[in-house]
Amino acid sequence: MKIKKFIPAIALWAMGSSLACATTVGFSQVGSESGWRTSFSEAVKDEAKARNIDLKFSDAQQKQENQIKAVRSFIAQGVDAIIIAPVVETGWAPVLREAKRARIPVVIVDRNVKVNDDLYVTRIASDFKEEGVKIANWLMNETQGNCRIAEIQGTVGATASIDRAAGFNEVIAKYPNAKIVRSQTGEFTRAKGKEVMESFLKAQSANEPFCAIWAHNDEMALGAIQAVKEAGIKPGKDILIVSVDGVPDYFKAMAEGDANATVELSPYLGAPAFDVIDKYLGGDKNIPKLISTTGDVYTQETAADEYQKRSSK
Ligand code: AHR
């Protein structure tokens, strides 16, 4: 009986060991601009630890040139695989060709890259356009399509900004009385979100107030909420606040009535990325070019419960 148990254990170990000790994975991360990004980095590090993977983590501080340097250094070190969470979509072909020449598989996670898809194994990501559609539908429903909107965009050239804006704009185009009246980038950070909102509020005329702030992520929305409060306006009531991510701080803001809705973006992208790498290094090249994740719309109604759940994780 004891022997029977022992043999499958060895077999299991042998099967699962293609990503064991010696496997080295380089991960080029965008930066730490938002709470969502920090959770994503932690999820990848935790998953690497649990799988005994030697993870080489590089924080690009929101600069593509740092990412390119990091990827070149991973190639020089001869890692077994590379994960890239790209800052922007363009400018990736040369370095991805270098990885391909070195026979190092690359997995793209989160934002997209504009290259031929033979330069990477797969992309694991949410449908950013759909996020924009979902949050715009919520807002149009809430305001019966009458809304002057202040938009705080994410990083210029990043898929999350481009596609969220496209989805949102597609929906509001159907409502003649809904309009984006101000739009500027807040680079996905809380500090910039606040700064941009302060300038919007200064430029706004008293008889044409904003009905809503549409921020491309929770972090900028949280900065904008601060600016709105400091201007003596009630966020969540006088100005509706909508965004994307679903970070604990934003659930808290919704529970307190300061924010209205968000679309959840899963930060747990480490496990699917390592699963793909495991499969690929194990010889299975039959991997789809896009692996999608989805998220629901959350509002004030369930915010307190969601905050409890998320902050105790
Ligand atoms: O690319 C995804 C976006 O990047 C997240 O919505 C945002 O929080 C992060 O900075």
Side-chain angles (χ1 to χ4, degrees), residues 27-44 58-64 66-67 83-90 92 107-114 123-136 151-168 184-197 213-225 241-254 259 261-270 272-273 290-298 310:
F27 174 32
S28 169
Q29 175 61 292
V30 167
S32 49
E33 73 283 0
S34 66
W36 180 84
R37 184 72 54 190
T38 309
S39 300
F40 167 25
S41 295
E42 277 165 16
V44 174
S58 173
D59 178 329
Q61 297 175 353
Q62 298 232 67
K63 291 197 177 88
Q64 187 189 34
N66 292 343
Q67 294 204 285
I83 301 173
I84 304 175
V87 179
V88 290
E89 293 187 334
T90 52
W92 287 101
V107 172
I108 305 296
V109 181
D110 186 39
R111 301 175 191 168
N112 206 359
V113 287
K114 282 206 166 143
R123 174 176 168 232
I124 303 166
S126 160
D127 184 338
F128 297 122
K129 186 172 177 202
E130 196 53 30
E131 293 167 353
V133 166
K134 284 179 181 169
I135 206 69
E151 178 188 41
I152 311 180
Q153 294 195 19
T155 303
V156 175
T159 321
S161 314
I162 299 166
D163 290 2
R164 283 173 187 163
F168 189 93
Q184 203 177 306
T185 176
E187 289 161 24
F188 284 126
T189 70
R190 195 178 294 208
K192 273 271 176 193
K194 180 169 189 266
E195 207 180 293
V196 168
M197 197 58 220
I213 296 170
W214 151 229
H216 288 189
N217 77 344
D218 286 353
E219 208 63 44
M220 296 188 296
L222 289 164
I225 289 171
I241 314 286
V242 296
S243 72
V244 183
D245 273 358
V247 295
D249 281 2
Y250 193 84
F251 276 104
K252 187 166 182 279
M254 284 201 291
T262 190
V263 183
E264 185 179 36
L265 177 66
S266 171
Y268 301 109
L269 301 168
L290 179 65
I291 299 172
S292 300
T293 63
T294 53
D296 294 327
V297 175
Y298 286 86
R310 285 147 211 270

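All ligand and atom numbering here is 1-based and tracks the order in the structure.
A donor-acceptor contact closer than 3.5 angstrom links the side chains of T159 and E89. For the residue pair Q153/S161, the side-chain donor-acceptor check at 3.5 Å is not satisfied.
In terms of protein heavy-atom proximity, atom 9 (C) of ligand 1 is nearest to E33 OE2, 3.3 Å. Atom 7 (C) of ligand 1 has as its closest protein heavy atom N217 ND2, 3.4 Å. Counting protein heavy atoms only, atom 5 (C) of ligand 1 is closest to D245 OD1, 3.4 Å.
Within the 3.5 Å criterion, the main-chain N or O of L265 finds no donor-acceptor partner in the side chain of D245.
In this structure, R37 has a heavy atom closer than 4.0 Å to ligand 1. Using a 4.0 angstrom heavy-atom cutoff, E187 does not count as in contact with ligand 1. Ligand 1 has at least one atom lying under 4.0 Å from a heavy atom of L265.
Using cut-offs of 30° and 60° for the angle between ring planes, the F168 and W214 rings count as parallel.
In this structure, R164 forms no cation-pi arrangement with F188, as its terminal cationic atom is not both closer than 6.0 Å to the ring centre and no more than 45° off the ring axis.
Of the polar atoms of H216, none of the N or O atoms is found under 3.5 Å from an N or O of ligand 1, judged by distance alone. Considering backbone and side-chain atoms together, W36 places no N or O closer than 3.5 Å to any N or O of ligand 1.
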